[in-house]
Amino acid sequence: MKLYEYESKEIASRYGILVPRGRVVVSPSEAYSVARELGVVVLKAQVLVGGRGLAGGVRIAESPEEAYNIAEKLLSTSIRGERVEKLLVEEKVCISRELYLSLIVDRAARRPVYLISEMGGVEIEELAKKYPEKIHRVYVDPGIGYTDYIARVSLQVLKLPWTLLQDIANTTRAMYKIMVDYDAELVEFNPLALTCDNRLIALDAKIIIDDNSLYKHPELQRLYGRDLSEYEKRARELGFSYVELDGDIGVISNGAGLTMATMDSILYYGGKPANFLDIGGGAHRESVREAVKLMLTHPRSRVLLINIFGGITRCDEVAIGIIEAIREIGLIKPIIVRMLGTNEEEGRRILREQGIEVYSEMDDAVKVAVELSKR
Amino acid sequence: MKLYEYESKEIASRYGILVPRGRVVVSPSEAYSVARELGVVVLKAQVLVGGRGLAGGVRIAESPEEAYNIAEKLLSTSIRGERVEKLLVEEKVCISRELYLSLIVDRAARRPVYLISEMGGVEIEELAKKYPEKIHRVYVDPGIGYTDYIARVSLQVLKLPWTLLQDIANTTRAMYKIMVDYDAELVEFNPLALTCDNRLIALDAKIIIDDNSLYKHPELQRLYGRDLSEYEKRARELGFSYVELDGDIGVISNGAGLTMATMDSILYYGGKPANFLDIGGGAHRESVREAVKLMLTHPRSRVLLINIFGGITRCDEVAIGIIEAIREIGLIKPIIVRMLGTNEEEGRRILREQGIEVYSEMDDAVKVAVELSKR
Amino acid sequence: MGILVNHSTRAIVQGITGREGSFHTKLMLDYGTKIVAGTSPGKGGSYVHGVPVYNTIYEAVREQGPIDASIIFVPARFASDAVYEAIDHGIRVVVVITEGIPLHEEVKFVNYAKIRGVDVVGPNTPGVMTVNECKLGIMPAHVFKRGYVGLVSRSGTLTYEIARELSKRGYGVSTVIGLGGDPVTGLDFIDVYERFLRDNETKAVVLIGEIGGDAEERFATYYTKLTYKKPVVAYIAGRTAPPGKRMGHAGAIISMGMGDYKSKRSSLENADIPVAETPSQVPILLESVLGK
Amino acid sequence: MGILVNHSTRAIVQGITGREGSFHTKLMLDYGTKIVAGTSPGKGGSYVHGVPVYNTIYEAVREQGPIDASIIFVPARFASDAVYEAIDHGIRVVVVITEGIPLHEEVKFVNYAKIRGVDVVGPNTPGVMTVNECKLGIMPAHVFKRGYVGLVSRSGTLTYEIARELSKRGYGVSTVIGLGGDPVTGLDFIDVYERFLRDNETKAVVLIGEIGGDAEERFATYYTKLTYKKPVVAYIAGRTAPPGKRMGHAGAIISMGMGDYKSKRSSLENADIPVAETPSQVPILLESVLGK
């Protein structure tokens, strides 16, 4: 789960990392009063999607009036589909250099790693592609944890003066502590800035919490799902993995890999999937029914493709779930079913009685769904 | 540094381990009033030496009067040379079985290890010699720390009922936490008892803190050295490693191994060392002077043997230190010097001027010292 | 032959009395897996489908002798402890079915296992199965026929789908392994491929990847450098997945600019590993690399 | 030959600008040790006895290339960090002179090193020296003559004493190693003896033990089981030490009933390892086992 910039900064600040003075606001008049207090300010849209800067979500205001106007504008927009509901209004800090510092879990090495670069302010993905040699990595053994030399190496890689050793050490140590205390996957300061008066300050901050650890952090667990669309939220409440896409073929499948493969096959045969919906392993008729109801009423999808590979999942249960959903909602759009495995014959019979054809081969089912979506 | 039983129990209790109700007393009348409150009590002499039980340091009192009398007796005795200044007066607990549970750092495996045995109440050293198969070991990886299965294994080894899983888990988990929080070398409950009403209780507790970690625990550091004799304290204050022995040849040497080898050679040639005094590496005249003064005035030693292998330590500095000590105190007992290494000639000259012969070979010096001690 | 587990593997089921544990113990026994013991704290002394249940592995090993492999069904909060218990009692292959284990716990036990030379399959895996010999997992056994294709996958049902496509075309499987759907797993494609290289029975490998992470890219780099190699065919799921969204698996998230479909596909193709467009294409590509 | 370090060993001094570090750097250089760099945070850019000083090993390796060995003089509170810095930058032999490092920190870094195949000499050691080739330590060099006796010890000055006795009788030393005076050390007698076994130059080993722990007993057990062995002669200090008292070294404490003189001596003698009564007897016993 991603935290907002202002939340990440609150945590960072509690761990002794310097951040610009500022406040979160939800209205232009609040922005006005913060600006009157702080002088020249930066207004930053609080969204969880990336690329905020390029999308115009970060603006400078020289006066309280300007802050008011910018806030009014920002609070009425969306950035990459995400509505802007809060702004972080911060003092504008005089900076001499922008640095990059993060701590992430490296999948390949199976350990936390510090990524350190003197080229801050750019997205790390871009940096990694263009100047991989400009990113220094320091791996941390999970059994040992943070060790002090990491600060000294960071200082040197960032070409900071030796007088800042304690400052950088406070930062690198705090990052590790945040990762451990909050079960974070990522703790990132980009840019971490060197100010004109030689201090280190986190101009931006990003913390991502491991979803599997949320149960250890009830205060964060409550926030879980807040970045989901209404539709995604409903699906999650029903216990499904769900992601909204922009096509017109609704997809229900079991297993993340097979669901993605179904979506991909739709694309391969010329169609566009409307969503990702994984009902998981061993689903019963009730959950199938709810999934089908959800996708029958899904506004964008014109056809519904159900692809079930029955192992633990029983095909007759799936069939009954489908029939029940149709009974409640009506067959308001074509349903293409592909089913295989346990109790396949019985499932096939149940659906055929209702006039629904069952395919054995995934390719056949996908092709028909694509064709129907184009009618 | 060893903690007293009552201190160890205070810590254990703070970590949720059940200990008998009781109080520390320093006078018979206090013992009387604790006994009046608790009924039948156990009075336990608080000393740091081992073998307290066999030496009569643990006694049961059926009445407050008896408690008074026992306390009066115990508080006027010494146990293996250590004066009894405090008693722990505890309720007598009804117990059904005595168990053994400890967590120590295993030198060979270089890891913490739980020692678990259903035969509690005996000293572990004795148990290890007589019934090594009765001690179960569970090693802990220092990078991973405590894991819950340790509790389940402990429960089975101790043949406890499954209803006590949470109790034993609280105990084993707390032991590891105590080891980490206090930098302990040893956390031992012997016996850990199963009470008549099926509870686990630590009847005795022993915690030893790693001396090198004391700086992290200022509250404990202040107590450091309290188990030393007056003489040992003075030596430590001067910065020497010092141990009191019962012979009559005073020993000053540099390096722990060489100092012990000097003592051992004294024994080999028929004498008895009075002490262990290691002045350490690179000692200057001042510390040599203080060491020599200390041993010149040491009441039991009749002869002083100084054995210096000069590497970093300079022989002329040693010689000057000796001379200065003699000037202050007087040559009130024979001093035998063996010196080798850096600036050996100069040191030899300085001492010879004062009529002190310098030996090159350790054996020769030791033999002479032994001979003189017998005159 | 086959890798990791075989007909002589003596296995234990951790969490055998739970719903999942008990259900799959039955299926694994039916398959012929030698399950010599199960654990369930507090339930020692009972039996599940004829398998003796112990309170601890300590006790199980004492009663049953050394155990080679474990399969873990215990809930996420207790799973790490189960892994340590298995490793510390000499078990060399640990299959972690459990989903939802905290990331940093996984990081710790996966490193712990690696240092001790223990193979962790998963977490969040359908398991491992050497066809007709030993099944330590939850996969539907009937879709796998015995043969000379090694199957290694980050997915569950998709693997069964592809195994079925292979069967239809007459290809059988030596061993099938689910690496697990989490960002950090005990084994990766390289680890498993190295075992397949040493397995005389396996002649080709099918690699089933998905978006997220860079395991496929690293495999491609590794594969390019090999002098002795067996042919590989791949399928990658997630071409249509948007960045920044978790696609069911915690591991299947494209973030930090890493792990998108394009990058994986081009890496593999540059390493001369053909990538199928649909599951049904996998056996066709296999035919081409095997030169039929 | 000799073990652990030799004439081609490229070494770094961690804590080179301190009083001890600087003093011994001079002596080690005089001995011919190849010290290519030193570290001292914040003092990078300066020189100590002609050796370039860096802020970090990261920088030292970047400027000077790979480094084989390190000797650590930094204060106890910073010593663990120095060990990790050395190991994490590819250094394979780490000599920790520092005394007074917290026990649990030692336990951690000693395990860390072992897993990575790094040799930690110490902590609280006089160091290691292959005579006339490389000295990474603080021992007075002049008492050691080159020869075929391997010297391994838990002590400092006592080792010099015995080396001098050996020299007097015409015996020289291949490599001398101080294991360190703390309860937990990186190497033990067995580790070092195994190296001496593989060293063509070393024909016999002198083992200098002391009370506390069971390293000598374990060595005796190990030695008994060897089929190929080189003769060993031992000296054990502490016959007159009382139980429960710390004799200078933190490791030299007899407690938990382990590690008294009698137990060590009888274990060694039962393994056919003669134990000298005084340092001067060591060369005499050596003569007897070498069959002169």
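By convention in this document, chain letters (A, B, ...) are assigned in the order of the sequence lines, proteins followed by strands, and residues within each chain are numbered from 1. Computed from a predicted structure; not experimentally measured.
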Answer key: most heavy-atom pairs under 4.5 Å with chain B among D:Asn111, D:Ile190, D:Ile208, D:Leu27 is D:Asn111
Please flag which part of D:Glu20 lies under 4.5 Å from any non-hydrogen atom of chain B: side chain, backbone, both or neither. neither
Quick one: are D:Tyr112 and B:Pro142 in side-chain contact, heavy atoms under 4.5 Å? no
Quick check: closest heavy atoms across D:Leu103 and B:Asp210, and the distance to 0.1 Å? N-OD2, 2.7 Å
Looking only at heavy atoms and a cut-off of under 4.5 Å, which of D:Ile101, D:Val143, D:Thr159, D:Val184 has the most pairs with chain B? D:Ile101
Near D:His142 NE2, under 6.0 Å, is it more than 12 heavy atoms from other residues, nucleotides or ligands? yes
Using non-hydrogen atoms only, which part of D:Glu99 is less than 4.5 Å away from chain B: side chain, backbone, both, or neither? neither
Can you tell me which of D:Arg77, D:His24, D:Glu105 forms the most heavy-atom pairs within a distance under 4.5 Å of chain B? D:Arg77
From the list D:Ile138, D:Ile162, D:Thr185, the residue making the most non-hydrogen contacts under 4.5 Å with chain B is D:Thr185
How many angstroms lie between CZ in D:Arg218 and CZ in B:Arg107, if you round to the nearest 0.5 Å? 9.5 Å
Answer yes when D:Asp188 and B:Arg110 have at least one side-chain N-carboxylate O distance shorter than 4.0 Å, and no when they do not. yes
Engaged part of B:Glu126 at the chain D interface, taking heavy atoms whose separation is under 4.5 Å: neither
Less than 4.0 Å between a side-chain N and a carboxylate O, is that true for B:Asp264 and D:Arg265? no
d(B:Asp363 CG, D:Glu277 CD) to nearest 0.5 Å is 11.5 Å
Quick check for you: among D:Pro279, D:Pro140, D:Gly100, which has the greatest number of heavy-atom pairs under 4.5 Å with chain B? D:Gly100
Quick one: of B:Ala184, B:Gly247, B:Gly310, who has the most non-hydrogen atom pairs under 4.5 Å with chain D? B:Ala184
Is the number of heavy atoms from other residues, nucleotides or ligands within 6.0 Å of NZ (D:Lys26) greater than 12? no
Honestly, the part of B:Phe309 sitting under 4.5 Å from a heavy atom of chain D is both
Part of D:Val110 lying under 4.5 Å from any heavy atom of chain B: side chain
Close side-chain approach of B:Val180 to D:His104, heavy-atom, < 4.5 Å: no
Which atoms of B:Lys216 approach chain D - backbone, side chain, both or neither, heavy atom under 4.5 Å: side chain
When you look at OH of B:Tyr131, are more than 12 heavy atoms from neighbouring residues, nucleotides or ligands closer to it than 6.0 Å? no
Over 12 foreign heavy atoms within 6.0 Å of CD, B:Glu244: yes
Would you say B:Glu361 and D:Ser280 make side-chain contact, with heavy atoms under 4.5 Å? no
Residue pair B:Leu258 / D:Ser155, side-chain heavy-atom distance below 4.5 Å: no
Nearest 0.5 Å, please: how far is CG in B:Leu340 from OG1 in D:Thr157? 11.5 Å
Roughly how far, to the nearest 0.5 Å, is CD1 of B:Ile266 from CZ of D:Arg239? 13.5 Å
Closest heavy-atom contact between B:Ala261 and D:Ala237? N-CB, 4.3 Å
Does the B:Ser265 side chain pair with the main chain of D:Thr278, one donor and one acceptor, at a distance under 3.5 Å? no
How about D:Tyr261 and B:Met260: do any of their side-chain heavy atoms sit closer than 4.5 Å? no
Answer with side chain, backbone, both or neither: which region of B:Ala128 has an atom nearer than 4.5 Å to a non-hydrogen atom of chain D? neither
Applying a strict 4.5 Å limit to non-hydrogen atoms, the region of D:Ile236 in contact with chain B is backbone
Between chain D and each of B:Leu245, B:Asp278, B:Val243, B:Asp141, count heavy-atom pairs under 4.5 Å; write down the option with the most. B:Val243
Counting C-beta onward and ignoring hydrogens, is there a side-chain heavy-atom pair between D:Asp182 and B:Asn212 closer than 4.5 Å? yes
CZ/D:Arg164 to CE/B:Met362 distance, rounded to the nearest 0.5 angstrom? 11.0 Å
Region of B:Tyr242 that comes under 4.5 Å of a non-hydrogen atom in chain D: neither
